[in-house]
Number of protein chains: 2
Amino acid sequence: MSETSLPEILRARGLRLTAQRQLVLEAVHELGHATPEQLHHAVREVAAGVNITTIYRTLELLEDLGLVTHTHLSHGSPTYHPVGEDQHAHLVCRDCGAVSEIEPAVLAPLANGLAEERGFQLDIGHVALFGTCGDCGGAK
Amino acid sequence: MSETSLPEILRARGLRLTAQRQLVLEAVHELGHATPEQLHHAVREVAAGVNITTIYRTLELLEDLGLVTHTHLSHGSPTYHPVGEDQHAHLVCRDCGAVSEIEPAVLAPLANGLAEERGFQLDIGHVALFGTCGDCGGAK
DNA sequence: TTTCGTGCAAATGGTTTGCACATGG
DNA sequence: CCATGTGCAAACCATTTGCACGAAA
């Protein structure tokens with residue numbers, strides 16, 4: 001359900017299996033969508049010495065290997081999440097900052113429309129939609 | 001068709017009308033969607049001494065006044081564009097980096113769906129959709 | 001052993017802040 | 001005049017890079 005086949009994938013490319021790489025991948029799975037800094041914290045709780053630089057380099061690698069992706073949820077840092085099974089897009093509330101996920105099905109019609117009319121291949125896993133969530137919209 | 005009512009809006013708030021504020025607003029209208037840095041360049045061509053700091057502060061102000069908004073088009077800097085008339089969303093190609101606009105109508109069904117099912121009020125002008133554009137997708 | 005990965009420190013790029021001077025009202 | 005704006009320089013924060021040491025194969 002997690003830890004895809006990191007060892008094999010790495011070996012297949014002649015890359016090395018290291019504790020850091022395993023830990024970062026685990027953290028991405030655990031945290032869902034997390035920034036490099038958040039992942040750094042998570043990893044540090046297990047292995048104190050790991051440097052933030054390594055987090056960045058490892059995320060780049062894992063993304064290259066197709067094991068994780070990142071999305072830009074408004075403001076600063078991108079957030080990373082595991083690739084695979086559960087493709088999902090994000091709804092971001094600009095008032096309270098809450099992030100929720102939506103199933104790709106919701107975007108399917110839009111994706112099809114864009115593909116037909118413009119030949120644009122929508123990357124659903126990368127979609128972040130901004131607006132006001134129910135709680136903020138109703139209350140405020 | 002441009003230069004809304006900057007002077008009045010400012011006066012209404014007891015703020016001052018300055019050359020810089022006019023220039024930044026004009027630049028936003030001219031450039032469409034531009035990063036702070038691009039706006040800085042544009043403004044400098046007219047008034048050489050304007051500092052990048054002022055661009056940032058002015059953009060924040062103009063956004064606060066409801067005259068401009070910003071969108072995060074993937075990577076680094078946000079891009080600013082005038083608010084009003086032509087609300088539009090963006091399509092960003094992750095291969096070639098091209099940015100194109102789509103009419104809000106395309107997103108209307110999605111927006112309605114989200115509103116009904118989740119009470120989420122989609123901010124269409126803020127939407128950036130990532131994927132592969134026709135040129136890159138077909139060719140590659 | 002040999003190459004790849006990591007930690008560390010410094011460089012970078014974008015954005016923000018503090019402060020004194022300039023200027024609009 | 002007086003308060004707000006601006007320019008400048010320095011501070012910041014996230015991310016990247018260079019280099020020498022440490023570790024996987």
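Just so it is clear, the model here is predicted, and its values are computed rather than measured. Below, chains carry the letters A, B, ... as their sequence lines are ordered, and counting in each starts from 1. Note that these values count all heavy atoms, side chains included, but never hydrogens, waters or copies made by symmetry.
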Can you identify which nucleotide, out of [options], has its nearest atom closest to the [X] side chain?
| X | options | answer |
| --- | --- | --- |
| B/Arg21 | D/dA23, C/dT6, D/dT6 | D/dT6 |
| A/Arg16 | C/dT6, C/dT3, D/dT4 | C/dT3 |
| A/Leu17 | D/dA25, D/dG18, D/dT6 | D/dA25 |

When every non-hydrogen atom of B/Pro82 is compared with those of B/Gly32, the smallest separation belongs to CD-O, 3.8 Å
Relative to each other, are the rings of A/His126 and B/Phe130 parallel, tilted or perpendicular (30° and 60° limits)?
perpendicular
Using OP1 and OP2 only, check whether a side-chain N or O of [X] sits under 4.0 Å from [N].
| X | N | value |
| --- | --- | --- |
| A/Thr18 | C/dT6 | yes |
| B/Asn51 | D/dT6 | no |
| A/Arg57 | C/dT6 | no |
| A/Thr53 | D/dT17 | no |
| B/Thr54 | D/dG7 | yes |
| A/Gln20 | C/dG7 | yes |

Just the rounded figure in Å: distance from [atom2] of [N] to [atom1] of [X].
| X | N | atom1 | atom2 | result |
| --- | --- | --- | --- | --- |
| A/His40 | D/dA14 | NE2 | C1' | 13 Å |
| A/Leu65 | C/dG5 | CG | P | 10 Å |
| A/Leu15 | C/dT2 | CG | P | 21 Å |
| A/Leu23 | C/dG5 | CG | C1' | 14 Å |
| B/Ile55 | C/dT16 | CD1 | P | 13 Å |
| A/Arg11 | C/dC4 | CZ | P | 17 Å |
| A/Arg44 | C/dT6 | CZ | C1' | 13 Å |
| B/Glu37 | C/dT12 | CD | C1' | 13 Å |

Check the surroundings of atom CD in B/Glu101: do more than 12 heavy atoms from other residues, nucleotides or ligands lie under 6.0 Å from it?
yes
Using modelled atom types and a 3.5 Å cut-off, is there a donor and acceptor pairing between side-chain atoms of A/Asn112 and backbone atoms of A/Ala108? yes
With sugar-phosphate meaning primed atoms plus P, OP1 and OP2, does A/Gly14 contact a base, only sugar-phosphate, or nothing at under 4.0 Å between heavy atoms? nothing
side-chain contact (heavy atoms from CB on, under 4.5 Å) with A/Leu39: of A/Ile55, A/Leu25, A/Val68, A/Thr58, only one passes, and it is A/Ile55
